[in-house]
Amino acid sequence: MNDTLQKLARVRMAPSPTGFLHIGGARTALFNWLFAKQHNGTFILRIDDTDMARSTEESMREIYSGLKWLGLDWDEGGDKGGPYEPYVQSERISGGVYVPYVQQLLENGTAYHCYCTPEELAAIRAQARVEKRTRSYDGRCQHLTQKAKACFAAEGRKPTVRIKMPNTPIQVDDIILGIRNIDPGTLEDEVIVRSNGMPTYNLTSIIDDVEMQITHVIRGTEHLNTTPKQMAIANALGLKVPQFAHIPLVLDSSGRKMSKRHHGALVAVNRYREQGYLPEAMLNFVARLGWAYDDKQEIFSVEELIEKFDLGRVGKSGSVFDLKKLEWLNAHYITQLDVSARTDAVIPFWQAEGLVDTTALTAEHRAWLEKIVGAVGERLTTLQDIIPQTRYFFTDAFDYEAKAVKKWWGNSAEKQNKTVEILTSLSQILAGIPAFDLGTVESAIWKYTDENNIKRVAAMQALRIALTGTSFGPSLFDIVVLLGRDEVLKRITRAIVQLSGPAA
RNA sequence: GGCGCUAUCGUCUAGGGGUCAGGACAGAUGGUUCUCAGCCAUCAAACCGGGGUUCGAAUCCCCGUAGCGCUACCA
């Protein structure tokens with residue numbers, strides 16, 4: 001690839017709007033986007049919605065929002081326009097874009113009308129299968145006489161248009177897979193226009209790529225087998241094809257291709273956003289699926305990806321989607337946020353749970369929230385984790401976790417009496433200390449445990465359950481101070497009542 | 001069934017004729033702390049099989065095998 005070409009690099013992502021943006025789509029988008037960025041090129045978002053029955057507006061919006069969230073902005077495309085608009089294939093169809101190409105193909109004899117019905121075709125396929133033949137459709141309509149055509153037409157049959165495959169090998173030069181020659185004997189005369197007049201993907205895709213001056217088609221390997229077909233169409237039209245790069249599939253844990261149909265929400269990019277994943281983590285994760293820079297680096301900022309990503313280093317085999325690794329990355333990126341930014345990130349989650357009302361957020365309240373986030377520290381794998389980690393700060397309507405109660409409050413009357421004793425003492429101490437700050441609270445509690453020969457863990461865990469209902473969480477001193485004296489005393493009293501009650 | 005693609009720890013991968021086959025995630029153990037998370041230390045864990053080529057092959061070649069993808073008037 002020379003300098004001129006590099007400056008002119010034009011790549012595209014061409015999703016069909018039949019569902020949400022999924023992990024594989026996000027990765028395809030990222031690889032294209034990175035390629036465009038590093039070659040000073042143009043990233044185009046084209047909507048391939050030739051399958052009218054399955055395409056929806058809503059899906060289109062989902063894809064836009066997913067890409068925007070990831071920060072993968074496009075220079076030309078669907079909602080944005082550009083020098084080669086429209087970028088939505090259904091609009092191109094109604095604009096008659098493909099008609100002259102089909103006309104040309106028909107006129108130069110590389111395409112022909114086929115009058116076979118779907119039923120006939122199914123029978124042909126079944127027959128080919130029992131005979132173990134490579135191609136099924138045998139080109140039988142290629143040499144139909146005018147009379148035969150008229151006859152079919154009289155029956156009311158509407159023809160499809162098929163492309164005639166060449167009998168010379170087609171060479172596919174793929175950046176990732178290398179050069180390979182496809183035996184034309186394995187290719188069949190594909191339908192390029194349906195009987196209802198709608199063009200099919202193989203036709204529209206390559207024509208749009210050519211018309212939009214796409215230089216590199218970077219797409220999933222599920223399209224590998226369609227490449228020679230598309231090249232045959234371009235060749236028949238005398239068009240120059242772009243360079244191809246087929247990236248390996250994203251697989252599930254049993255090694256199968258991740259798909260909307262079989263994996264649902266697990267592959268939906270927007271669901272990860274809802275669950276509190278950061279776009280940086282998502283991007284970093286997806287970039288490392290099938291690609292590595294060296295044997296050291298795992299963490300890549302977007303800037304570093306632009307600098308270091310190399311399509312030529314992308315592997316050839318599929319990669320299994322590993323949620324644990326995504327979680328690790330996400331926790332890392334959350335930690336990278338300073339407390340203020342982390343608070344901003346977490347507020348929508350509190351709000352969704354009704355724990356924080358952003359319409360009435362005072363500076364004082366905001367400062368308190370930041371302290372909570374600071375106390376939680378590195379305990380967030382996803383932003384959503386803020387809820388179980390902090391719910392008790394906002395409400396005392398929580399249950400005491402049974403397992404924790406059993407372990408730390410005790411399951412015998414004797415142990416429970418001891419717990420009541422400890423909680424009572426702590427309550428008195430906390431009620432009596434002159435100041436309610438970290439240092440004072442800490443030294444008062446340690447003084448009590450050490451002087452009375454009580455295990456620190458025992459006292460602390462008993463108190464933790466009283467205040468939060470759980471046995472895990474931030475430093476208990478942080479919790480005590482952030483809750484405030486009144487609330488702490490109230491919750492201890494409530495715990496004592498619980499422990500002394502008939503049920504306990 | 002046909003056609004195609006692929007093959008290093010459980011997972012993501014580095015390496016690529018001579019390496020103790022490296023790292024990361026996950027897992028296990030220990031340490032630190034009031035718990036959890038984290039952090040630190042340690043451990044366990046791989047070149048699909050068989051033939052060649054070669055002094056030497058995980059690496060190159062061939063053949064198998066397995067997995068996956070495609071096989072539509074879906075994209």
Side-chain angles (χ1 to χ4, degrees), chain A residues 14-18 48-51 53-55 89 114 116-118 121-122 125-126 128-136 158-162 177 180 182-183 185-188 190-202 204-205 219-226 228 246 248-249 251 253-257 285 288-299 315-329 331 335 376-381 385 389 404 408 442 445-446 449 455-465 468 470-477:
Chain A
S16 61
T18 55
D48 280 12
D49 60 345
T50 55
D51 183 354
R54 294 197 303 148
S55 298
Q89 285 185 336
C114 169
C116 295
T117 62
L121 258 13
R125 259 197 305 275
R129 204 171 169 125
V130 297
E131 288 173 20
K132 303 188 178 188
R133 277 188 285 114
T134 294
R135 38 204 306 196
S136 55
K158 297 256 193 283
T160 60
V161 178
R162 286 184 186 269
L177 268 8
R180 51 207 68 223
I182 307 320
D183 174 4
T186 65
L187 268 18
E188 26 182 89
E190 295 289 323
V191 170
I192 55 173
V193 180
R194 298 176 174 96
S195 56
N196 65 6
M198 290 297 168
T200 62
Y201 163 78
N202 282 131
T204 58
S205 177
R219 59 174 24 160
T221 33
E222 69 266 32
H223 292 289
L224 187 58
N225 292 324
T226 68
H246 288 95
L249 301 175
L251 313 171
S253 53
S254 44
R256 262 178 269 277
K257 175 174 125 177
F285 173 68
R288 282 286 288 100
L289 242 36
W291 172 82
Y293 176 66
D294 57 19
D295 63 344
K296 300 184 180 65
Q297 192 171 0
E298 290 290 340
I299 306 288
K316 297 177 184 176
S317 50
S319 314
V320 173
F321 175 92
D322 180 12
L323 187 62
K324 289 286 185 193
K325 182 129 182 203
L326 208 212
E327 287 177 346
W328 171 72
L329 245 8
T335 306
V376 170
E378 301 186 356
R379 273 165 272 247
L380 301 177
T381 295
D385 289 346
Q389 282 286 348
W408 296 108
E442 181 171 349
I445 292 180
W446 285 166
T449 54
K455 274 192 181 160
R456 287 183 170 191
V457 197
M460 293 297 271
Q461 285 300 78
L463 180 59
R464 178 182 294 278
I465 293 162
T468 72
T470 68
S471 61
F472 63 89
S475 161
L476 192 52
F477 301 121

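Only heavy atoms go into these numbers, but all of them, side chains included; no hydrogens, no water, no symmetry mates. Throughout, protein chains are lettered first and strands after them, A, B, ... in sequence-line order, and every chain is numbered starting at 1. Note that this is a predicted model, so its numbers are computed, not measured.
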Should [N] form a Watson-Crick or G-U wobble pair with both distances under 3.5 Å, which nucleotide is its partner?
N	value
B/C60	B/G52
B/C39	B/G31
B/A46	none
B/C3	B/G69
B/C9	none
B/A14	none
B/U19	none
B/C74	none

I'd like to know whether A/Ile445 forms a side chain to side chain contact (heavy atoms under 4.5 Å, CB included) with A/Leu476, so could you lay out the CA-CA distance, the side-chain angles of the two residues, the decisive distance to 0.1 Å, and finally the verdict. CA-CA 11 Å; A/Ile445 292 180; A/Leu476 192 52; over 6 Å; no

For the base of B/C73, is there a side-chain donor-acceptor partner from A/Ser195 under 3.5 Å away?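 For A/Ser195, whose side chain was compared with the base of B/C73, there is a donor-acceptor pair (under 3.5 Å).
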
No-H, no-angle donor-acceptor pair, A/Ser475 side chain to B/C34 base, under 3.5 Å: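 It does, because a donor-acceptor pair links the side chain of A/Ser475 to the base of B/C34 below 3.5 Å.
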
Inspect the surroundings of CZ in A/Phe477 and state if more than 12 heavy atoms from other residues, nucleotides or ligands are less than 6.0 Å away.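 Yes, enclosed.
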
Would you classify [X] as touching base, sugar-phosphate or nothing, given that sugar-phosphate means primed atoms plus P, OP1 and OP2, and contacts are heavy atoms under 4.0 Å?
X	answer
A/Glu298	base
A/Thr134	sugar-phosphate
A/Ser471	base
A/Leu289	sugar-phosphate
A/Thr50	sugar-phosphate
A/Phe477	base
A/Arg54	base
A/Thr226	base
A/Pro248	nothing
A/Cys116	base
A/Gly473	base
A/Arg180	sugar-phosphate
A/His223	base

Span that lies between the [atom1] atom of [M] and that of [N], in whole angstrom:
N	M	atom1	answer
B/C63	B/C5	P	13 Å
B/U6	B/G49	C1'	16 Å
B/G1	B/G16	P	38 Å
B/G27	B/G51	P	39 Å
B/C20	B/C12	P	27 Å
B/U32	B/A37	C1'	13 Å
B/U59	B/G52	P	14 Å
B/C62	B/A57	C1'	15 Å

Proximity to the side chain of [X] - top-ranked nucleotide from [options]:
X	options	value
A/Trp446	B/A75, B/C73, B/C34	B/C34
A/Val457	B/C34, B/G1, B/C12	B/C34
A/Lys324	B/C25, B/C73, B/U35	B/C25
A/Asp322	B/C73, B/C70, B/U11	B/U11
A/Asp48	B/G4, B/U35, B/A75	B/A75
A/Val320	B/C73, B/U11, B/A7	B/U11
A/Leu251	B/A26, B/C68, B/A14	B/C68
A/Asp51	B/U6, B/A72, B/A75	B/A75

Rounded to whole Å, how long is the line connecting atom CG of A/Asp295 with atom P of B/A14?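 Nearest whole value for this atom pair: 10 Å.
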
Please tell me if [X] has a side-chain N or O lying less than 4.0 Å from either OP1 or OP2 of [N].
X	N	result
A/Arg379	B/A37	no
A/Arg256	B/C68	yes
A/Ser319	B/U13	yes

Measuring only between side-chain heavy atoms, which start at C-beta, is A/Arg129 closer than 4.5 Å to A/Ser136? no

